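From a predicted model like this one, the values you see are computed outputs, not experimental measurements. Values below: every heavy atom of this structure, side chains too, minus hydrogens, waters and symmetry copies. Residue numbers begin at 1 in each chain, while the letters A, B, ... track the order of the sequences.
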Amino acid sequence: MLGLEKKDATLLLIVFGLTMLAPFLLNPFPEGSAMAQFNAGYPDLMQRFVIFGIFAIGFNILFGLTGYLSFGHAAFLGIGSYAAMWMFKLFGMNVIPALALSVVMSGLFAVLIGYVSLRRSGIYFSILTLAFAMMSYALAYSVLATDMDGPDRQGLLQKGLTGGETGLQLTLQDPRILGQKAAEDGNLPVPNIFGLEMRSSAELELGNWVFTFSAGYYFSAVVMLIAFYLSIRIFRSPFGMMLRAIKSNQQRLNYTGLNPKPYTLAAFVISGMYAGLAGGLMASMDPLAGPERMFWTASGEVVLMTILGGAGTLIGPVLGAGAIKYMENILSKINSDILHGWFAFLPDGLEDFVVAIIYPFIGKGWHLTLGLIFMAVVIFLPGGLVEAGQRVARMFRGKKAEDDSKSASTEPAE
Amino acid sequence: MDWFILQLLNGLDKGSAYALIALGLTLIFGTLGVVNFAHGALFMIGAFCAVTLSRILTLSHQVVDETKTDFLGNPLKVDVPYVYDIFGESMGASIIDWAVPLSILFAIPVMIGIGVIMERGLIKHFYKRPHADQILVTFGLAIVLQEIIKYYFGANPIPTPAPEAFTGSFDFGALLGFDPGSIIYPYWRIIYFIFAAIIIGGVFAFLQFTTFGMVVRAGMADRETVGLLGINIDRRFTIMFGLAAAVAGLAGVMYTPINSPNYHMGMDFLVLSFVVVVVGGMGSLPGAVLAGFLLGILESFASMREVIEILPGINQVIIYLVAIIILLTRPRGLMGRKGVMED
């Protein structure tokens, strides 16, 4: 199917099924029940799942296949967001051209940054990419935010090219030459795809359960599926083999008379374009772009996602992105009152003790849990969540499954 | 001329911090071959050692003050630090005032302890693994340390003042024969620079003039041979890790009056310190110090108003720009040895 092997086709179908049914699957608890806070089936979060999934899939094409650890991938995320915002401001609110520009712009920047950074490898590559990302951040934060043309063009160029600290926002004065300048009620127009607004949604009530189907989510999900399909094709292509060869032994590749540079650069650009696409989608869901998207912590986040899920595996990065975004949005909401509620059945002293032990790891401290899990993954499970899943599966199936683990689709990172 | 000296001095204190952190990073890289992304966290923990000590010193109990009454006529309770009870009031007050310098004594054992535990408990297992894994695991550790500090000390910066005696500024202008007031420089920054110079000199002297240092240098050059000679080089390298942690910690302790410590200060410095190490040359101790001061001073000159008017934003990108140019034109950095991490 679609030029995929049976195994990959099954994986794609499973992912397709899961993303399409996500509003149901992520809302397993009825509304108003004590467990309802664990529901992740609201559009905002689901969009983040898939958007960061795209970001991580792209990062994985670079890191998972070639082993080049970029610490500055967020630069492309930011560039994608700014490009999409400018498309919204100048032409119209349709997301398709906006996303196209995001991908093109981030691709161009990736060619530039990649060409320079890839002249070095190892830690130097990490530091070069980090330096470029921090430069982009500093430029977006201050330099590009100075208005060159004075206050008379303030409506359009709120503050230079990037809007500085406040970021780039839509205004009613934007020209939008191809679309309407303002919505019918006089408010700011909303990003749409041929008229279907990204924020529109339908609700379905089944008993106590409320399921929300958002246009924005389904649009992002379709984009993610396409991105995922492309990444499978890249993993399985001769080009993908080439990238793996670079990772396992670049010297040997040189000796066989092949120049690895064009291949790594291509991988870097592709992964930059994925990041740009994710950035464009972020701007499409919530029309705003700020410099903090380029800060190195954002680059660190995608590294965490990819490693946590399993670098070099197909589905790993998506799982990692989902896990981290779930923790960020759900785990961080649990406060000490809720904890006390859970452990109310224990005797008072014991209850306080248990809560005091758990409390640092949740709520505002969720980063601590993330850091610990991440360290554990790097130390014990270099293949991430995917490897964990395989090990569990192997335990159940016994020795017979050992051949399975060798199959290419879930090869853990080295 | 006075503006030149002013910018030079302004660059020195930041340069001192860069140099100290980069020195520690290089010590770890040169001895153990590990890229330590948690080094910034050590700097931050050092700063919080100062916070902790000043909190311990100001621990107090309530005493009824007979001479004062509140508006209802009841005797007023005042907080009296325990230090007052032990050392008497005037001595106690000056001890609290000198909390930051005293923290040096407190921070050295704490930091060496943390460094040794870190090396034995975690980093030891990563020598054989690729640099990417070392970066990742120490990055994870940095997040964990940062979050622990955030949990206990909160997310806001905690002001930790310098001793009363050093709060003023020194008028360099008058000293050097310029107009008085043209070059004003806070005392504490002078102290910080001198302190950094002493630490850097101490580390170099330790490596150069002691037997221990000689063995360590030999181990840096050829670890296996030193091991074959029957010297337990691993243990010495562990101690060097502790020492590097202490250097970072002390840099943090003394930096607290310049910048109120917060939980992410380490990461802010770390990114720049890595750039410093790379510019100086991976594994070269003098290179790290030189690059630290050079980049600090360069950053200070780039922040001048006259420069920013011509090249807006240059102050924020100058260090990265220099790093990119150096990495592309002179891969081993300013003073890096040939063949060390050159690819």
Side chain from CB out, backbone as N, CA, C, O: work out which of these in [X] comes under 4.5 Å of a heavy atom of chain A, or both, or neither.
| X | result |
| --- | --- |
| B:Leu321 | both |
| B:Phe274 | both |
| B:Tyr152 | neither |

B:Leu327 backbone acceptor or donor facing A:Arg120 side chain under 3.5 Å:
yes
Enclosure of [X] [atom1] (heavy-atom neighbours >12, cutoff 6.0 Å):
| X | atom1 | answer |
| --- | --- | --- |
| B:Phe126 | CZ | yes |
| A:Tyr141 | OH | no |
| A:Phe125 | CZ | yes |
| A:Arg252 | CZ | no |

Under 4.5 Å, counting heavy-atom pairs only, tell me which of [options] racks up the most with chain A.
| options | result |
| --- | --- |
| B:His125, B:Arg129, B:His264 | B:Arg129 |
| B:Val271, B:Ile319, B:Thr138 | B:Val271 |
| B:Val275, B:Leu141, B:Leu122 | B:Leu141 |

Could you check which of A:Thr297, A:Val116, A:Val377, A:Val303 has the highest count of heavy-atom pairs closer than 4.5 Å to chain B?
A:Val116
Check each atom of [X] against the heavy atoms of chain B and say whether the ones under 4.5 Å are side chain, backbone, both or neither.
| X | result |
| --- | --- |
| A:Leu372 | both |
| A:Leu304 | side chain |
| A:Ile307 | side chain |

When the aromatic ring centroids of B:Tyr320 and A:Tyr137 are compared, is their separation below 6.0 Å?
no
Can you tell me how far CE of B:Met282 sits from OH of A:Tyr124, rounded to the nearest 0.5 angstrom?
5.5 Å
Rounded distance (nearest 0.5 Å) linking atom NZ of B:Lys150 with atom NE2 of A:His367:
7.0 Å
Run the side-chain contact (heavy atoms from CB on, under 4.5 Å) test on A:Leu69 and B:Leu136 for me, step by step, so that the C-alpha distance in whole Å, both residues' side-chain angles and the decisive distance to 0.1 Å come before the verdict.
CA-CA 10 Å; A:Leu69 175 59; B:Leu136 292 172; 4.3 Å; yes
To check you understand the geometry: which heavy-atom pair defines the closest contact between B:Val144 and A:Gly371, and what is its length?
CG2-C, 3.5 Å
Apply the test side-chain contact (heavy atoms from CB on, under 4.5 Å) to residues B:Ile143 and A:Met375: give CA-CA distance (whole Å), side-chain angles for both, the deciding distance (0.1 Å), then the verdict.
CA-CA 10 Å; B:Ile143 296 177; A:Met375 278 175 71; over 6 Å; no
Verdict with supporting geometry, A:Leu368 and B:Tyr151, side-chain contact (heavy atoms from CB on, under 4.5 Å)
CA-CA 9 Å; A:Leu368 180 59; B:Tyr151 179 71; 5.9 Å; no
side-chain contact (heavy atoms from CB on, under 4.5 Å) evaluation trace for B:Phe139 with A:Val378:
CA-CA 10 Å; B:Phe139 179 53; A:Val378 176; over 6 Å; no
